[in-house]
Amino acid sequence: MEYRYSEQQVMLKKALNSLLKKEMPFETFVEIAETKDGFSKDKWKKLADNGWLAILAQGEFQTLEEVNSLDLMYLSESIGGALFPGPFSLTAGMIVPLLSQLTLSEKQNELLLDIIAGEKLATAILPSLTDQGGTVKFNWPELINSNEEGKVTLTGSYSQLQFLQNSDVVFIPFTNNEDQLSVAIVNTSVNGVKITSQKSVDLSKPQGLLELQNVKIGQEDILSEKGLENLFYATLLTYFTSISGEIIGGADEVLARTVNYVTERKQFGVAVGSFQAVKHMIAEMKVEIEKARSYSIYINSIDGKTDKATWLNIISSRYFNTNMYKKICEDSIQLHGGMGFTWEESIHFWYKASMFQLYHLTHPALMEAYIQQSLLPTAESKDLQYHN
Amino acid sequence: MEYRYSEQQVMLKKALNSLLKKEMPFETFVEIAETKDGFSKDKWKKLADNGWLAILAQGEFQTLEEVNSLDLMYLSESIGGALFPGPFSLTAGMIVPLLSQLTLSEKQNELLLDIIAGEKLATAILPSLTDQGGTVKFNWPELINSNEEGKVTLTGSYSQLQFLQNSDVVFIPFTNNEDQLSVAIVNTSVNGVKITSQKSVDLSKPQGLLELQNVKIGQEDILSEKGLENLFYATLLTYFTSISGEIIGGADEVLARTVNYVTERKQFGVAVGSFQAVKHMIAEMKVEIEKARSYSIYINSIDGKTDKATWLNIISSRYFNTNMYKKICEDSIQLHGGMGFTWEESIHFWYKASMFQLYHLTHPALMEAYIQQSLLPTAESKDLQYHN
Amino acid sequence: MNFTYSQEAEEFRGSFRSWLEEHFPQEWNREVTGEEWVQRRKQWGEMLAEGGWVAPSWPEEYGGLGLSIEQQLVYIEELVSINAPEVLNSNGIGIFALTLIKYGTEEQKKHYLPRMLKHEDIWCQGFSEPNAGSDLAGLQTKAEDKGDYFLLNGQKVWTSYAPYSNKCYVLVRTADSRYKGISLMILDMEQKGVTVRPIKNIAGETELAEVFMDDAIVPKADVVGELNNGWEMANFALSNERGIHFAQRSLKMQQEFQQLLSLFTEQIDLGKAYVKGSKLQTQLVQSYLSCEILKSVCLRNIALISQGDDTGVLPAIAKLTWSEGHQDLLNTSLELLGEESLVKGKHEVWMEKFLLSRAETIYAGTTQVQKNIIAKSLGLPSSKGGR
Amino acid sequence: MNFTYSQEAEEFRGSFRSWLEEHFPQEWNREVTGEEWVQRRKQWGEMLAEGGWVAPSWPEEYGGLGLSIEQQLVYIEELVSINAPEVLNSNGIGIFALTLIKYGTEEQKKHYLPRMLKHEDIWCQGFSEPNAGSDLAGLQTKAEDKGDYFLLNGQKVWTSYAPYSNKCYVLVRTADSRYKGISLMILDMEQKGVTVRPIKNIAGETELAEVFMDDAIVPKADVVGELNNGWEMANFALSNERGIHFAQRSLKMQQEFQQLLSLFTEQIDLGKAYVKGSKLQTQLVQSYLSCEILKSVCLRNIALISQGDDTGVLPAIAKLTWSEGHQDLLNTSLELLGEESLVKGKHEVWMEKFLLSRAETIYAGTTQVQKNIIAKSLGLPSSKGGR
């Protein structure tokens, strides 16, 4: 047994932290959030330049050996702490590892290189947890598609797609006639694609509405190799692990700011932090964060995973983490007193980020139902794989 | 608007308190609980002698005018505070008002007088909240009965009937051939009746198992007048009000003992009660008790009740009160430190009484479901009366 | 025990309701925000003033309605039921005016009260400071005696509607003694020495402001009551809020609960499966209980005030019940909406309300301060601070 | 990061499991209570001692197994999986012995350790006093120097298994200084000056006792370590509990969770409708999370100990996670049983466990004490007390 990060992990973390300190100090984040709709291509490229988007790339794109989702989680803590405004987890945790494991055409290869280099930004429609006939599992959003003369035609809309308005391409999964999963690579500038920015409360994760009206996609822009769906789900796991890291890092940062505040701030002539009620609230925050951290690290480190158990673990820890994050922020706001309620005190940025996490792809009520059915399987749900 | 008890109410309360102080000091309760299986006929008669069991009697049995369920609730607070070991709420809140409103035979009349005088003890099977085909409502327990030659034959068993082993008669509701409610008055000493004491964790409310094997009941021991079921439910409301009083009184007593303990008890050279964490826990206890009190008084004082709204009110406040009582006791135990964990410190007696309340006739999960369906009625449950 | 309204209260209801039916603008059903909202609040204040309905609790001699507490409750019920906006000068009319009536000079009353009623002056409250929130007595804004006037230097925060106000009732330090060195003064906001800096709140709105006093002048005629008696007056002013204030909150919350029920049904009809999950059903029941309990606590409180009895710690209990229950209710609305709650659109009002509700466990005495008060009332050693 | 067991640990598992398969009495599947349970614990202690398996953490030279922390975890896993009773002398073997080995004289070790292993002496812990529980350093039991021996006067409480013990390691006051005036001594319980009074606990059982010392004698040879250094030794002794102790609790709790799942299924099969209600389903999920989180916290803790690193406040976090989660789990069992939970019968064990669990947030550092520790570790001013 070992509970320590390796030299390589520590070195990577240091490097990322120092980049973030330089490129994304808090004032920069606030400026991007308030005046640039939550994204700066310049800063995104800074992240890319240092290779961070390819951290989990596979095959020929691989830059580091022996890097796994746990490393990504560890690094994502820094991203979440700094509230880096960009789709880091989606790109580094999902899109890059997914594409790099597929057989790509030259054009696709180029796209991947552009994504890794931060030249192009990509977003993706992901499956979400829904209740289908009493069983809760991951499902694909429905898009109408037809397949004629070798071209696929997509029509439909999808709301609240992260960083859509900043993206050059969207990866759109759809099910083809043989009930097999394919993924269309859609350029956001082509005819029939309409993008509307949706003002989101989370200023670190802009969202947009995607509307497709008879968008024709040629075969060269469709990924459909065998095993694609499994690979998609495998990388979805990495994505969830990465956003867990964002959550834990964000909560950590909020706690640190709170401790700092109550230590500095005086009331009745003494630091607010010397009142026992305040101290106990802070202690409870610490406890919840460490529970989340222990749990997340544990489930990402154990061997002998089975598919079902892995999904249960991921959903259980996500259920805990998302609630924890929101609660930590609420306690922090309370502990900041009137200041916590202002825009000027920064906690609200993380608070709003925690609300994005809370509902993103996995509504807490459905996560709860998912865990329930895993613990007490009914006849219908007992033998299902939980994602398909 | 008025929030004060009348002179008569205050006078009654004083009289009851002084009786309890004399006849049921805490040591006496402990002795009865530990060595007499939770009942003392002598003490019960003392309560009866002073007319307390007839407080809600109607018609010719009425002793006081303008006394209602709210008065009973107020008085029951003292019963709950002292943990009086006897079926006060059942007798004074249910059996006596029910019988006194019926047309009774001479023999039945005599029985009622004996009950009021504390000469005979009666218990009763009551309907409980159950889920019937997706709708939660009160239902009668099922007993097999047949009606031959003017005699009703009862067979069946009923578990955890309060004070059964101390009772002379049991009131057993059953449904006759015409689907109408009747109540059999069964002498516990007749052939075919088997009574087994069931050791209950709540030492103030002994429970027993009733087994009936072909017990024949003559018409003279059957109540079946028109409107009996409605009357039964009306007095069940009074019963619930009365046990709400027991709950609030019990919680009040636990709070008082806790405040006393933390004020006396020292740690690190100062009273435990001077630590802010302790004070806040106690403040929260007070808040919850006063919420329960406000709510219970309010729902028992408002005019213009409709039947459905009344049941929703009673169940909602019971749901709140029973949870509150248990929580208050748990906090009190925590605040008593190691002492709270011993038999010698008394809080556990109320704690166990709170657990009786929690599950008595109305499981919290079913109360929750009942409130849910009242707020968001489904097609099936929308137009139902909630008790039949 | 009796929670029915007196005959006088019901009579008042009749006459007020008729007036409202005639005068309340139908077109105000359409909700507005921002500047438009502020103007509507002002306009409504002027309309009520014109009809003589704007100051329910003031004695009649000063232009008020001289209502009993029960009648005031009816007053609020009627306004909430038609979803009327709060008048812009509510802070002055509901809190400061009664203090001025009790402690002020005849000149002050004659000058300020009519102008307040008619919304000619708009008042804000200058109590809290950066280092004196829960610890109000720790305030440091200094008022220096300059003969005819006081010279004020310092800073106030959390001043609601300061950007729209021209008058501020302000607590200042006039002597060293913690409690006996505080005075209450009327500050003219329209002078060189006063700067108002709006503070964006968590929801991005700017009703709140900081007020900076930099050699601001208060003529001695604008000192309220005795010098150095400000602590007593501040407590009197704040206590005015307690009775009817929570009843209003309670009524609003009941209304929101009904909206929540509609949202539930709506989401179920839309096929949102998570709504039927355990979590939301349980939360719905909790919100129902909070509403009912708050209602009963508020009515108990008002009945006690009505009969002239001490309300003890009921106001603290009402504050806790309301602030926590209200936050939970709004949280449930977000859970109902799920991801949709995050973005602007049809239901955006819920997120806004939710964010604003985070302040409710902080202002007017934090949750922890309320618990300190309650613990003290039980005979436990007094304590300070906390959040 | 790596939570797999080392090869040595797995090898140890193999040999211990073979021994257990051969020696653990099949008939012990039947649960027993009261006196019979105590005897079984003693007998099991003797059996393990005979096989050489009783003291996993002791150095081999003193008759222990000298196991690494990982191996100790395996040791516990194997015992929990067969539902083996805890040995009667666990308090002595797990807590006091390591202190004696570190601080005691050779004579003391030679005399006491073998007797402890073989269960010839049964040990209890004399730390807490009526006014020194959370505030352990406030202890008042006085030990007066009488030349060859100390004369002890005072009272201990919460002494588990005192009625079955003949030896007690006791903290006494030998000087006025709060921390530097405490000493650790070995008290022979079988003397005139010692009286044991059993205390009934909340569940009506009497494992606990008060120990009264009335001119009790401790020969100087039975003083452990240096005089007035008792505080350090007490902390050392208590810290021994932290690592493996919570892992054991965690394993037991996982086992109970499985039993809870069976109870769920059983109650559903019996048609108990409330089991399917929102409330219980939510509680089930919470209990699952508590079990999984506790497991991960304990493994992290053990991994840190294993690599010789400071565990920081993880033990405090483990204590809070376990005690609160365990109480909730048992509470869920009662909710599942409903009214049936109240009376003796098939499922009575759940109520007993539940009642006993109320102590878990109190002993070994109350919840509030743990929070004080954690807050201090974050750099907040230190504080005392609370519950």
Is atom [atom1] of [X] surrounded by more than 12 heavy atoms (other residues, nucleotides or ligands) closer than 6.0 Å?
{"X": "A/K327", "atom1": "NZ", "answer": "no"}
{"X": "A/K266", "atom1": "NZ", "answer": "no"}
{"X": "D/K252", "atom1": "NZ", "answer": "yes"}

If you take all heavy atoms of [X] and [Y], which pair is closest and at what distance?
{"X": "D/I374", "Y": "A/V287", "result": "CD1-CG2, 3.5 Å"}
{"X": "A/R4", "Y": "D/D309", "result": "NH2-OD2, 3.9 Å"}
{"X": "D/I317", "Y": "A/E290", "result": "CD1-CB, 3.6 Å"}

Any side-chain donor paired with an acceptor under 3.5 Å for D/E292 and A/S316?
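There is no such pair between these side chains.
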Got a second to check how far [X]'s [atom1] is from [Y]'s [atom2], nearest 0.5 Å?
{"X": "D/F3", "Y": "A/I297", "atom1": "CZ", "atom2": "CD1", "answer": "6.5 Å"}
{"X": "A/M1", "Y": "D/N2", "atom1": "CE", "atom2": "CG", "answer": "8.5 Å"}
{"X": "A/E368", "Y": "D/L289", "atom1": "CD", "atom2": "CG", "answer": "9.0 Å"}
{"X": "D/R300", "Y": "A/E2", "atom1": "CZ", "atom2": "CD", "answer": "14.5 Å"}
{"X": "A/E288", "Y": "D/I293", "atom1": "CD", "atom2": "CD1", "answer": "7.5 Å"}
{"X": "D/N372", "Y": "A/Q276", "atom1": "CG", "atom2": "CD", "answer": "5.0 Å"}

For chain A, which candidate among [options] shows the most heavy-atom pairs at distances under 4.5 Å?
{"options": "D/A9, D/A375, D/P381", "result": "D/P381"}
{"options": "D/M1, D/E70, D/K371", "result": "D/M1"}
{"options": "D/I69, D/L73, D/L299, D/T265", "result": "D/L299"}
{"options": "D/L294, D/V313, D/L304", "result": "D/L304"}
{"options": "D/Q307, D/Q286, D/Q370", "result": "D/Q307"}
{"options": "D/T282, D/T321, D/V297", "result": "D/T282"}

Measure D/K295 against the heavy atoms of chain A and call it side chain, backbone, both or neither at under 4.5 Å.
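Answer is side chain: those atoms of D/K295 sit under 4.5 Å from chain A.
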Contact part of D/L284 toward chain A, heavy-atom cut-off under 4.5 Å: side chain, backbone, both or neither?
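Both the backbone and the side chain of D/L284 come within 4.5 Å of chain A.
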Option in A/V270, A/T263, A/I282, A/L255 with maximal non-hydrogen atom pairs under 4.5 Å from chain D
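Of the options given, most contacts go to A/I282.
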Could you walk me through whether D/I305 and A/Y3 pass side chain to side chain contact (heavy atoms under 4.5 Å, CB included), step by step?
CA-CA 9 Å; D/I305 295 173; A/Y3 189 90; over 6 Å; no
Please determine whether side chain to side chain contact (heavy atoms under 4.5 Å, CB included) holds for the pair A/L312 and D/Y288, giving the CA-CA distance in whole Å, both sets of side-chain angles, and the decisive distance to 0.1 Å.
CA-CA 11 Å; A/L312 176 59; D/Y288 172 71; 3.3 Å; yes
Which region of A/Y319, side chain (C-beta onward) or backbone (N, CA, C, O), has a non-hydrogen atom less than 4.5 Å from a non-hydrogen atom of chain D, or is it both or neither?
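Just its side chain gets close to chain D.
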